[in-house]
Every structure is written in structure tokens, then in C-alpha cells.
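What you see below is based on every heavy atom in this structure, not just the backbone, and it leaves out hydrogens, waters and symmetry mates.
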Amino acid sequence: MATPATSLHVQGAAADVDGSGTQDWISRHGPAFGLCLVYDNEPWHVELRPDAGAHRCPPTYADPSNDPRLAR
């Protein structure tokens, strides 16, 4: 689980989005804007990944407990 020190939400680099077609749009078009879906079990969690436009989004994690960036 993320702490305030590791949360990308707190750092301003993540957002939770929802709405009809939002996740589908981000899956298809988000990388061009540096927006990536990160967790398989949280389709609403979007992160800013500025290099995604050139390199595509990285593989997703099953859930946040598998994300090494959140370990402290």
C-alpha cells in the first residue's frame, strides 16, 4: 500500500478517473499524452508517464501490492 511518501497521487502524478469509455480511451490514446493505466485490478488508476509517448506504457502490475515503487 502506498504511503504519503510513495503515493503518486500525493505527488500529483496520478489520478483516479471513471466514466463511460474513459478507460478505453486512455488505453488507446493515453500513451500519446503520457497517461498510462497501471494496475489490472484498478482500471480507474491513471499515472503520468512522460516517456510513454516514445516508449509506450510499461506492463501493468496485477495490483498495487506487486508494485515495487510502493515498497519502502
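Residues passing the ring pair (Phe, Tyr, Trp, His ring centres under 6.0 Å) test with Trp25 are His29, Phe33, sequence neighbours excluded. Every residue two or more places apart in sequence or in another chain that forms a side chain to side chain contact (heavy atoms under 4.5 Å, CB included) with Pro43 is listed here: Gln23. With sequence neighbours excluded, no residue forms a ring pair (Phe, Tyr, Trp, His ring centres under 6.0 Å) with His55. For Asp24, the side-chain hydrogen bond (donor to acceptor under 3.5 Å, both in side chains) partners are Arg28, not counting sequence neighbours. Remark: Tyr61 engages no residue in a ring pair (Phe, Tyr, Trp, His ring centres under 6.0 Å) (not counting sequence neighbours). Judged as a side-chain hydrogen bond (donor to acceptor under 3.5 Å, both in side chains), and not counting sequence neighbours, the contacts of Arg69 are Glu47, Asp67.
Within the 4.5 Å cutoff, the side chain of Val38 has heavy atoms near those of the Arg49 side chain. Between Cys36 and Thr60, the closest side-chain pair of non-hydrogen atoms is not below 4.5 Å.
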#### Entry: Residues Asp16, Val46; criterion side-chain contact (heavy atoms from CB on, under 4.5 Å); working and verdict
CA-CA 6 Å; Asp16 291 341; Val46 178; over 6 Å; no

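If you take OG on Ser65 and CG on Asn41, they are separated by 8.0 Å, rounding to the nearest 0.5 Å. Interatomic distance, Asp40 CG to Asp63 CG, rounded to the nearest 0.5 Å: 8.5 Å. Atom CG of Leu70 sits about 5.0 Å away from atom OG1 of Thr6, to the nearest 0.5 Å.
Closest approach of Gln11 and Ala5 over heavy atoms only: NE2-O, 3.5 Å. Across all non-hydrogen atoms, the minimal contact from Pro31 to Ile26 is CD-O, 3.5 Å. Residue His45 comes nearest to Ala14 through the heavy atom pair CE1-CB, 3.8 Å, listed as atom of the first residue, atom of the second, then distance.
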